[in-house]
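Heavy-atom basis, side chains included; hydrogens, waters and symmetry copies ignored.
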Amino acid sequence: FLLPGLLALILQQTLLIGLSESVALDKQRRRIPELVGAGGLSAALLGEGLFYMILFLCYAFFFLTVNYSTLHIPFRGHAFDVAAIFFIFFLTLIPLGVWLGTLFSGQLMAAQMMVFSTYPIFLIAGYAWPYESLPAPLQWLSSLVPTTPFLRVYQSMVQTGSTLSGNVAPVLHLLALSAFYMLLALLGLKRLNKRQQSISL
């Protein structure tokens, strides 16, 4: 029961740690204007995220084939639906990682804070502890974490064989979070770009 969720959490945290550290390092070295100036805010976000999307889709494929067979974890999901929900999941995590990276003062701080966040995220994501049993403020916080809707869909697919069409509400929740974090990431890059341009002047 726990292993599929743990594998998903490992993918999430390694992506967030790597991407937030990368953006924090660019911030630390004052390279944000260079990134944004090459093609605009959207291009900077795409440039930061495309490599991680390709890399972590490969990781997800590895996890769902090698790890499941090695650990003898039952896999009842449909390959296309599981691939689609992982794509949406990473599409949400990438702007979240970029936005978080704009908040940290440097690479070391990003690594420390993101590693520290792993256990609390696992506890409030509704997997190890029932979502309905969490206090209301923690439920609100949990609803902002991409892991919460993703694990609902992922667990349902992998363990019961359901499809995307059978999990409309959490899929829409994940898409809404993706749009929300894309907006925050673009605003964060815009803020840093203006700040670093004014410093260089």
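- For Val36 against Asn193, the heavy-atom pair with the smallest separation is CG1-ND2, 3.7 Å.
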Under the side-chain contact (heavy atoms from CB on, under 4.5 Å) criterion, do Arg31 and Leu25 qualify, and how do the steps go? CA-CA 9 Å; Arg31 293 187 60 234; Leu25 183 61; over 6 Å; no
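- No more than 12 heavy-atom neighbours from other residues, nucleotides or ligands sit within 6.0 angstrom of OH on Tyr59.
- Taken from OG1 in Thr14 to OH in Tyr52, the straight-line distance is 10.0 Å, to the nearest 0.5 Å.
- Of the possible polar contacts, none joining the Arg76 side chain to the Thr160 backbone as a donor-acceptor pair under 3.5 Å is found.
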Can you check side-chain contact (heavy atoms from CB on, under 4.5 Å) on Ile94 and Met53, steps first, answer last? CA-CA 8 Å; Ile94 286 168; Met53 175 65 80; 3.8 Å; yes
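- The nearest pair of heavy atoms linking Ser142 to Thr148 is O-OG1, 2.7 Å.
- In this structure, Gln13 and Ser117 approach most closely via the heavy-atom pair NE2-OG, 3.3 Å.
- Here the shortest heavy-atom pairing between Val171 and Leu164 reads CG2-CD2, 3.8 Å.
- For an aromatic pair to be called close, the ring centres must be under 6.0 Å apart, and Phe90 with Phe86 satisfies this.
- Ser22 places no side-chain N or O within 3.5 Å of a backbone atom of Gly18 that could act as its donor or acceptor partner.
- A distance of 9.5 Å separates CG of Leu96 from CZ of Phe180, quoted to the nearest 0.5 Å.
- For the atom pair Phe104 CZ and Glu21 CD, the distance stands at 10.0 Å (nearest 0.5 Å).
- Between the side chain of Ser143 and the main chain of Gln139, a donor-acceptor pair closer than 3.5 Å is present.
- Interatomic distance, Asp26 CG to Leu35 CG, rounded to the nearest 0.5 Å: 5.0 Å.
- Shown here are the salt bridge (Lys or Arg N to Asp or Glu O under 4.0 Å) partners of Arg29, two or more places apart in sequence or in another chain: there are none.
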Could you check Leu100 against Met113 for side-chain contact (heavy atoms from CB on, under 4.5 Å), going step by step and ending with a plain yes or no? CA-CA 10 Å; Leu100 289 172; Met113 294 304 295; over 6 Å; no
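- Across every non-hydrogen atom of Ile121 and Gln12, the tightest pair is CG2-NE2, 3.6 Å.
- Note: Leu15 CG to Met114 CE = 9.5 Å, rounded to the nearest 0.5 Å.
- In this structure, the side chain to side chain contact (heavy atoms under 4.5 Å, CB included) partners of Leu174, at least two apart in sequence or on a different chain, are Ile85, Ile88, Phe89, Thr92, Pro146, Pro149, Phe150.
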Could you walk me through whether Leu45 and Leu41 pass the side-chain contact (heavy atoms from CB on, under 4.5 Å) test, one step at a time? CA-CA 6 Å; Leu45 180 58; Leu41 292 170; over 6 Å; no
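- Although no hydrogens or angles enter the test, the distance criterion places no donor-acceptor pair under 3.5 Å between the side chain of Ser156 and the main chain of Ser162.
- Side chain of Gln197 to main chain of Pro33: no donor-acceptor pair is present (N/O by atom type, distance under 3.5 Å, no hydrogens or angles).
- Rounding to the nearest 0.5 Å places CZ of Phe56 at 9.0 Å from CG of Leu19.
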